[in-house]
**Student:** 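Okay, here's the structure, questions in a sec.
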Amino acid sequence: MDTQKQINDSQSRIIRMTDKEFATLTRFIKEQYGIDLTKKRVLIESRLTNDLHKRGLTSFEQYMEILFKDKSGNETVNLLNKLTTNLSYFMRENDHFNYLYNTVLPALERKKTDHVLRIWSAGCSTGQEAYNIQMVIDEYFGSRKKEWDVSMLATDISMRVLNKAKSGVYTADELKDLPANWRHKYISPLKDGTFQICDEIRKQVIFRPGNLMEDFHYKKPFDVIFCRNVMIYFDAETKAQIVNKFYNWTSRGGYLFIGHSESISGIGTKYTYIQPAIYQRRI
């Protein structure tokens with residue numbers, strides 16, 4: 001048999017996890033990051049096997065020994081990058097942006113005498129949501145925007161997606177859902193055929209690594225929190241803990257937006273339900 005073919009066949013073989021290895025790894029991910037992968041055994045094996053082959057490892061026990069001894073955090077970042085799906089696109093669940101424009105921003109404009117808006121995109125992935133929010137804000141305020149401080153925080157546990165988000169560079173296909181006038185107004189073409197979010201919008205978004213399982217440490221609460229299609233990875237107990245922390249960091253009268261495929265009913269939240277996937281802190 002051809003030597004290269006032997007190598008390829010070897011690398012294509014899936015490394016299977018023992019029950020003990022699977023339990024240990026999924027418990028670690030759940031405890032550290034809240035992500036429940038107890039029904040994702042095949043996904044874990046398929047996405048990590050090639051990495052194990054490249055390292056010359058033959059078992060997940062050997063891999064976890066390296067993972068748990070690593071103090072730099074690089075191993076964990078690499079693990080999360082491989083196991084989490086970061087699907088994001090412009091104008092996703094567009095009724096949220098319409099509600100932000102037509103209801104939330106007018107209410108906050110009447111209320112916020114200091115002209116400071118604090119917004120958080122939690123689980124921001126590759127940045128489309130955060131930039132989309134800033135575009136909505138820019139459209140709403142128009143010439144009045146210069147009177148406001150509307151910078152926002154965008155966080156994610158994956159450094160890979162944060163690096164893309166910070167660059168603000170997207171392909172034409174990734175921008176296709178933006179209105180044509182927005183593409184003209186907020187997007188600049190680059191020499192390699194890709195496109196970049198304009199400086200004015202990019203400078204208003206601060207991208208930072210952030211783990212929703214950790215305690216939140218911010219200077220002031222947020223007027224609007226977007227955490228959409230993130231909590232689908234969490235079990236009910238973890239979701240309740242995170243939503244409670246969001247509530248404590250939402251200003252009175254502020255809003256929480258979650259994904260349409262998610263629900264926080266039945267977990268004892270103090271938020272008031274407004275409409276599907278939109279909640280408000282009334283007290």
Side-chain angles (χ1 to χ4, degrees), residues 13-88 120-127 129 153-165 207-217 225-246 249 258-259 261-264 266-267:
R13 289 198 298 270
I14 296 293
I15 298 177
R16 302 297 179 186
M17 309 178 76
T18 66
D19 291 345
K20 181 180 179 181
E21 290 167 347
F22 179 64
T24 300
L25 185 58
T26 54
R27 183 171 59 250
F28 168 77
I29 296 170
K30 171 71 162 55
E31 290 175 351
Q32 297 297 316
Y33 302 98
I35 300 173
D36 184 3
L37 295 175
T38 53
K39 297 181 181 179
K40 302 292 184 181
R41 188 170 188 151
V42 173
L43 179 145
I44 295 173
E45 291 173 339
S46 63
R47 292 193 178 181
L48 293 182
T49 284
N50 192 47
D51 194 34
L52 268 63
H53 280 309
K54 288 180 178 179
R55 296 169 183 239
L57 305 178
T58 58
S59 73
F60 276 87
E61 181 179 10
Q62 293 173 325
Y63 169 72
M64 286 187 287
E65 184 176 356
I66 296 172
L67 176 68
F68 298 152
K69 286 183 178 180
D70 176 55
K71 302 301 181 183
S72 69
N74 293 331
E75 288 292 342
T76 302
V77 168
N78 181 60
L79 173 66
L80 293 172
N81 286 341
K82 291 183 179 299
L83 296 184
T84 55
T85 301
N86 297 284
L87 174 65
S88 183
W120 180 15
S121 172
C124 65
S125 188
T126 44
E129 177 182 86
L153 174 69
T155 62
D156 203 282
I157 59 174
S158 169
M159 289 305 301
R160 175 175 57 85
V161 300
L162 285 175
N163 288 334
K164 177 177 172 60
F207 290 100
R208 294 283 185 272
N211 180 358
L212 296 179
M213 292 297 291
E214 297 175 351
D215 292 336
F216 301 160
H217 298 286
I225 298 175
F226 275 72
C227 185
R228 304 188 304 170
N229 306 296
V230 175
M231 290 185 286
I232 53 174
Y233 292 108
F234 304 145
D235 60 22
E237 180 182 355
T238 303
K239 189 188 302 182
Q241 293 172 356
I242 292 172
V243 171
N244 185 54
K245 290 194 292 184
F246 280 149
W249 283 95
I258 65 174
S261 62
E262 301 168 310
S263 172
I264 61 174
I267 63 172

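Because the structure is a prediction, the values reported are computed rather than measured.
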**Student:** Please report the shortest heavy-atom distance between Gly123 and Asp156, naming the atom on each side.
**Tutor:** C-OD2, 3.4 Å
**Student:** What's the spacing between Ile267 CD1 and Asn244 CG if we round to 0.5 Å?
**Tutor:** 9.0 Å
**Student:** Check whether any side-chain N or O of Arg41 sits under 3.5 Å from a backbone N or O of Met17 as a donor-acceptor pair, and report yes or no.
**Tutor:** yes
**Student:** Please enumerate all residues that pass side-chain hydrogen bond (donor to acceptor under 3.5 Å, both in side chains) together with Asn163, with sequence neighbours excluded.
**Tutor:** none
**Student:** Does NZ belonging to Lys40 count more than 12 external heavy atoms closer than 6.0 Å?
**Tutor:** no
**Student:** Could you grab the distance from atom OG of Ser59 to atom CE of Met64, nearest 0.5 Å is fine?
**Tutor:** 7.5 Å
**Student:** Looking at Arg13, is its backbone amide N or carbonyl O close enough to the side chain of His53 to form a donor-acceptor pair, meaning the two atoms are under 3.5 Å apart?
**Tutor:** yes
**Student:** Main chain of Arg16, side chain of Glu45: is a donor-acceptor contact present, judged purely on distance under 3.5 Å?
**Tutor:** no
**Student:** Ignoring hydrogens and angles, tell me if any N or O in the side chain of Glu61 forms a donor-acceptor pair with the backbone of Glu21 under 3.5 Å.
**Tutor:** no
**Student:** Rounded to the nearest 0.5 Å, what separates atom CD in Glu31 from atom CE in Met213?
**Tutor:** 8.5 Å
**Student:** For Phe68, is there any backbone N or O sitting under 3.5 Å from a side-chain donor or acceptor partner on Glu75?
**Tutor:** no
**Student:** Side chain of Glu129, backbone of Cys124: donor and acceptor closer than 3.5 Å?
**Tutor:** no
**Student:** Please report the shortest heavy-atom distance between Glu262 and Cys227, naming the atom on each side.
**Tutor:** OE1-O, 3.7 Å
**Student:** Could you check whether any side-chain N or O of Asp235 sits under 3.5 Å from a backbone N or O of Asp36, counting only pairs where one atom can act as donor and the other as acceptor?
**Tutor:** no
**Student:** Just how far is it from atom OG1 of Thr38 to atom CD1 of Ile44, taken to the nearest 0.5 Å?
**Tutor:** 9.0 Å
**Student:** What is the distance from atom OH of Tyr63 to atom CG of Leu57, rounded to the nearest 0.5 Å?
**Tutor:** 9.5 Å
**Student:** Tell me if a side-chain donor or acceptor on Lys239 pairs with a main-chain N or O of Ser263 at a distance below 3.5 Å.
**Tutor:** yes
**Student:** What heavy-atom pair brings Phe216 and Asn211 nearest, and what distance separates the two atoms?
**Tutor:** CE2-O, 4.4 Å
**Student:** Just to verify, which of Asp19, Thr18, Thr26, Thr24 counts as forming a side-chain contact (heavy atoms from CB on, under 4.5 Å) with Phe22?
**Tutor:** Thr26
**Student:** Taking C-beta and beyond as the side chain, do Ile242 and Val230 meet within less than 4.5 Å on heavy atoms?
**Tutor:** no
**Student:** Nearest 0.5 Å please: distance from the CD atom of Glu214 over to the CD1 atom of Ile157.
**Tutor:** 10.0 Å
**Student:** Between Lys164 and Ser125 (side chain of the first, backbone of the second, donor and acceptor by atom type, cut-off under 3.5 Å), is there such a pair?
**Tutor:** no
**Student:** Would you say Gln32 has more than 12 foreign heavy atoms packed within less than 6.0 Å of its CD?
**Tutor:** yes
**Student:** Assess whether side-chain contact (heavy atoms from CB on, under 4.5 Å) is satisfied between Val243 and Phe234, documenting all intermediate values.
**Tutor:** CA-CA 11 Å; Val243 171; Phe234 304 145; over 6 Å; no
**Student:** Decide whether Lys30 and Thr238 meet the rule of one side-chain donor and one side-chain acceptor closer than 3.5 Å.
**Tutor:** yes
**Student:** For the pair Thr49 (side chain) and Ile15 (backbone), establish whether a donor and an acceptor sit closer than 3.5 Å, ignoring hydrogens and angles.
**Tutor:** yes
**Student:** State, yes or no, whether a side-chain contact exists between Leu48 and Leu79 at a heavy-atom distance under 4.5 Å.
**Tutor:** yes
**Student:** Walk me through it: do Ile35 and Leu83 pass the test side-chain contact (heavy atoms from CB on, under 4.5 Å)?
**Tutor:** CA-CA 10 Å; Ile35 300 173; Leu83 296 184; over 6 Å; no
**Student:** Contact between Phe246 and Leu212 at the side-chain level, heavy atoms closer than 4.5 Å - yes or no?
**Tutor:** yes
**Student:** Would you please name every residue forming a side-chain hydrogen bond (donor to acceptor under 3.5 Å, both in side chains) with Thr58, sequence neighbours left out?
**Tutor:** Gln62
